[in-house]
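Only one structure is covered here, and it is reproduced in the block below.
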Amino acid sequence: MQAIAKNYNFQEREKYWQEYWEKENIYKFDENSEKEIFSVDTPPPYVSAAHLHAGHIMSYSQAEFVVRYKRMQGFNVYYPMGFDDNGLPTERYVEKKYNIDKSRVKRDEFIKLCLQETKIGAQNYRDLWTALGISVDWTKTYSTINEHSRKISQWSFLDLYKKSKVQRKEEPIYWCPKCQTALAQADLDDKEEKSKLNYIQFGGGDKNKFVIATTRPELLPACVALFVNPEDKRYKELIGKKATVPIFNHQVPILSEESVDMEFGTGLMMVCTWGDAEDVRKWKEYKLDTRKIVNEAGKLTDLAGKYAGLELMKAREQIIADLQKQKLLIKQVDISHVMNTHDRCGTPAEFIITKQWFIDILSNKAKFLKQGEKLNWFPDSMKRRYGDWVEALKWDWCISRDRYYGVPFPVWYCKQCGREMLPEEKDLPVDPTVDKPKEKCQCGSNDFIPEKQVMDTWMTSSLTPLIASKLVNKKSVQMKLYPATLRPQAFEIIRTWLFYTVVKSYYHHNQLPFEDVMISGHGLDDKGRKISKSLGNFKDPNIILKQYGSDALRYWATGAKLGENMRYNEQEIQKGKRTVTKLWNASKFTWSHLSEIDLNKAKVNLEDADKWVLFKLNQTIKEATDSYEQYSYSKARDIIDEFFWGDFTDNYLEFIKYRLYSEDPKMEESKNAARHSLYYLMLTIIKLYAPILPFITEEIYQMFYKKTEGDKSIHLSQWPEINKKWNFDDKTINEFEKAVAAIAEVRKYKSERQLSMGKELNEYRIVLKELPDKKYKEFIKNTVRIKKLLNYE
RNA sequence: GAGCGUGUAGCUCAGUUGGUUAGAGCGUUACGUUGACAUCGUAGAGGUCAGAGGUUCGAAUCCUCUCACGCUCACCA
């Protein structure tokens, strides 16, 4: 028997097992295996998220519990890791960190900084995931900016181009004046703001009838029409006439539409090019004039006359002031309204007309809704969020960004005839600013203008299942990896990552990108606030790990229900640590009695206590397995906890002590039965816990079980199955439960009289409604130390 | 404004298709334990299951309304 450490030194041992797993390739995907594949479309984190916190740990652990379970279930698990390091999030991060913006730094220098930061970020993640024991195959990693991903992204563009699903259009589109790029509908957040509703006098006739109300007086120079409700008696005679815009003095038509709210403001509505999505719609529908007033940097154009060059807010102030001077500002009313802001920087989005690339999504909304229906959602309620979003879509997906750092569009334009030139698939990836088309243009010209825009970051991440599958060399295996089995992700990117992935997969391959979707929530601080850098309301995960260990932190993470936020709760982490300690102690105890076990020894005569606990073990296996199958690791943990702490340690171990410690030769057979049970009980318990607590379970497995069980790691061992031999009849179990109740009663008796549990009683009379069978007399006496049980004397 | 979700012990949450005195962990109180247990055990206190109404022999569970909170979406220029 080997010497067993009194305490489990998690710091030292967790490190040891991390290295062991890596060295032994425990999590490496086996391309040659015939086993059924379980593949995960792992969320590639933004490497720019420099401040990792418990929320990250929670969400990644959730998929990890499932993955480890599936691995033990015998699946050939494909668990790759990606890093999302291209696009605007990275650019914003670099701009902030170095206090620069894209207009003041050269393209290539900027890209260099992005790449450098990306590297640091990726390493941070990898270190933390390793410490946490996330069981990814690190030989299968990708970054969304690397050649592999660029190639696939550009291939996607080519394929969509061929299928006429992508086209370049000149349209008013959401624009961020700060980041100076076009945006997609999904890149917008809502922000409620206090503002003023300005009542402004227009010219054209009866003074009282020519007052409009607007929150955006700076757009006056872009006013192209006024609208009234056709039912509005006040304005009926004005329809078809013209009004004069104050200060700027151009004339605009007065039109009518039922959508105009008579109650709002004066009922006379100003339409500009373009203040909001409504303006864009009316502009298109009524073919209104175009007065482009805002430029790419969010400043007014020359059309604004003396206000040209001013930023929007400055222009608003000055125009208001001038209106006041001319007594054209009738009044101002406080108002609170919601505006669309860019989700990466919080700047209010404007509409600007530019040429951009769009993927057609509006004409296939119904198809995308149907695809969403076909996915298995965990939890199911999240399906609706997807549906709501798709139904509400108003714009095609703008995929071009006027930025530096991203996957380039594989497009050139002929200088002569303007034709779009695309490369051959075999030449991908290309950078049109560096590479040239291989052939002349049809018109004979050899002069090309490269497309300088880059792709939206989602253009690449919407291909992750494909990108990941192609990290494997064998074509036949690639086919099995795509679609993926599981997509784990957070709820706030349903409208982006999930939706766009569905779109791509549908257009490219006419199928779903994955079968199951598992949605996670956010990490909250201990007061229920969202964890954020600005609040500083989180602890560095590395400190938590040092204090409590990975297993303990993972234990906390199991508390999160799918799709729901979870508070950071240090006490739950402590509970995890106690579970680790308890497991260690229970196995030490177990194996202090198992040193001579001979598992091949012929027959074992199980006693009722053994039958009872093995029966319960079977139940636990069944319920825990069912829960894991439903991705309800949280419930699985509760079930396992209950068996381990309650049935196993509190009861069973106490029930068999008198047998184990007995030196009576007549007790040998009984002792042997207890030992036999102990062996399987402890083994099964650590297996059930293995997906959640990979370190301590590996420690116990390697120290005690490896010799007899033979697997290289507990994580490659077989998931426990129900043992039919242990499905004893209910009668036996129920009878025994009465004995358990009797024991509880004696314990209570002692506790109430402040006696130690070890104190031997001379005599005792059980007063339960249902007495245990007489055959349990000795068992009860021995377990709770009573000399005489009066009921049976 | 619409949709979804939540509201159960001081805290974090379980409560399966409606069925006996509503559960767990943490915290708290008392006692006992150092021969698996830098601990653990036993027990106690603590709940008008958000509120009101209804269905039912019976409701935390089903229905209606109200309130509070959260999320998602849409918004009026």
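This structure is a prediction, so every number in the text was calculated from the model and none was measured. Lettering follows sequence order; numbering is per chain, from 1.
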What contact category does [X] fall into here, base, sugar-phosphate, or nothing, at under 4.0 angstrom with non-hydrogen atoms?
X         : value
Thr215(A) : sugar-phosphate
Trp389(A) : sugar-phosphate
Asp641(A) : nothing
Leu653(A) : base
Glu570(A) : nothing
Val260(A) : base
Ser381(A) : nothing

Next on the checklist: Test: salt bridge (Lys or Arg N to Asp or Glu O under 4.0 Å). Region: residues 264-275 of chain A. Which pairs qualify, not counting sequence neighbours?
Outcome noted: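 Residue pairs with at least one partner in residues 264-275 of chain A: there are none.
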
Separation of [X] atom [atom1] from [N] atom [atom2], in whole Å?
X         : N      : atom1 : atom2 : answer
Asp190(A) : A74(B) : CG    : C1'   : 8 Å
Phe644(A) : A36(B) : CZ    : C1'   : 10 Å
Tyr286(A) : A77(B) : OH    : P     : 19 Å
Met269(A) : A77(B) : CE    : P     : 8 Å
Met382(A) : C73(B) : CE    : P     : 12 Å

Next on the checklist: Looking at every non-hydrogen atom in both residues, tell me the closest pair between Ser677(A) and Tyr652(A) and how far apart they are.
Outcome noted: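 Scanning both residues completely, I find the closest heavy atoms to be CB-OH, 3.4 Å.
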
From the options [options], select the nucleotide whose nearest atom is closest to the side chain of [X].
X         : options                : value
Phe491(A) : C71(B), C40(B), A77(B) : C71(B)
Asp276(A) : U72(B), C76(B), U42(B) : C76(B)
Lys582(A) : C4(B), A77(B), C40(B)  : C40(B)
Glu654(A) : G41(B), A36(B), U72(B) : A36(B)
Phe264(A) : G41(B), A74(B), C76(B) : C76(B)

Next on the checklist: Taking 4.0 Å as the cut-off, does a side-chain nitrogen or oxygen of His337(A) come that near to OP1 or OP2 on A77(B)?
Outcome noted: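 Yes.
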
Checklist entry - Without hydrogens or angle criteria, can the side chains of Glu492(A) and His522(A) be said to hold a donor-acceptor pair below 3.5 Å? => result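 Yes, His522(A) and Glu492(A) have a side-chain donor paired with an acceptor closer than 3.5 Å.
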
Checklist entry - Would you say the side chains of Arg637(A) and Thr558(A) form a donor-acceptor pair under 3.5 Å? => result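 Per modelled atom types, Arg637(A) and Thr558(A) side chains form a pair under 3.5 Å.
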
Item to check | Cation-pi check, Arg385(A) onto Phe491(A) ring (under 6.0 Å, within 45° of axis) | outcome: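 Because its charged atom sits under 6.0 Å from the ring centre and within 45° of the axis, Arg385(A) does stack over Phe491(A).
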
Checklist entry - Of Lys577(A) and Leu197(A), whose closest RNA chain B nucleotide lies nearer the 5' terminus? => result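 The 5'-side residue here is Lys577(A).
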
Checklist entry - Of Ala392(A) and Asn585(A), whose closest RNA chain B nucleotide lies nearer the 5' terminus? => result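 Between the two, 5'-proximity favours Asn585(A).
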
Checklist entry - So do Met382(A) and Val517(A) actually touch side chain to side chain, heavy atoms under 4.5 Å? => result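 The answer is no, as the side chains (C-beta and beyond) never meet within the 4.5 Å cut-off.
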
Item to check | Duplex segments of RNA chain B, taken as runs of at least three Watson-Crick or G-U pairs that stay under 3.5 Å | outcome: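 Runs of three or more consecutive pairs: B:1-7 with B:67-73, B:10-13 with B:23-26, B:28-32 with B:40-44, B:50-54 with B:62-66.
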
Checklist outcome for this item: Contact string for nucleotides 12-35 of chain B, one letter per nucleotide 5' to 3', B = base within protein heavy-atom range under 4.0 Å, S = sugar-phosphate only, - = neither, reads S-S----------SSS---SSS-S

Checklist entry - Would a distance-only check, ignoring hydrogens and angles, find a side-chain to backbone donor-acceptor pair under 3.5 Å from Arg567(A) to Gly523(A)? => result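 Between the backbone of Gly523(A) and the side chain of Arg567(A) there is no qualifying donor-acceptor contact (under 3.5 Å).
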
Next on the checklist: Just verifying a value: how many Å separate Thr579(A) OG1 and Gln574(A) CD, rounded to the nearest 0.5 Å?
Outcome noted: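 Interatomic distance, Thr579(A) OG1 to Gln574(A) CD, rounded to 0.5 Å: 11.5 Å.
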
Next on the checklist: Rounded to the nearest 0.5 Å, what separates atom CH2 in Trp389(A) from atom CZ in Arg495(A)?
Outcome noted: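 Going from the CH2 atom of Trp389(A) to the CZ atom of Arg495(A) covers 4.5 Å.
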
Checklist entry - Taking 4.0 angstrom as the limit, do Lys196(A) and Asp334(A) come out as a salt bridge? => result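 Salt bridge between Lys196(A) and Asp334(A), a charged N being under 4.0 Å from a carboxylate O: yes.
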
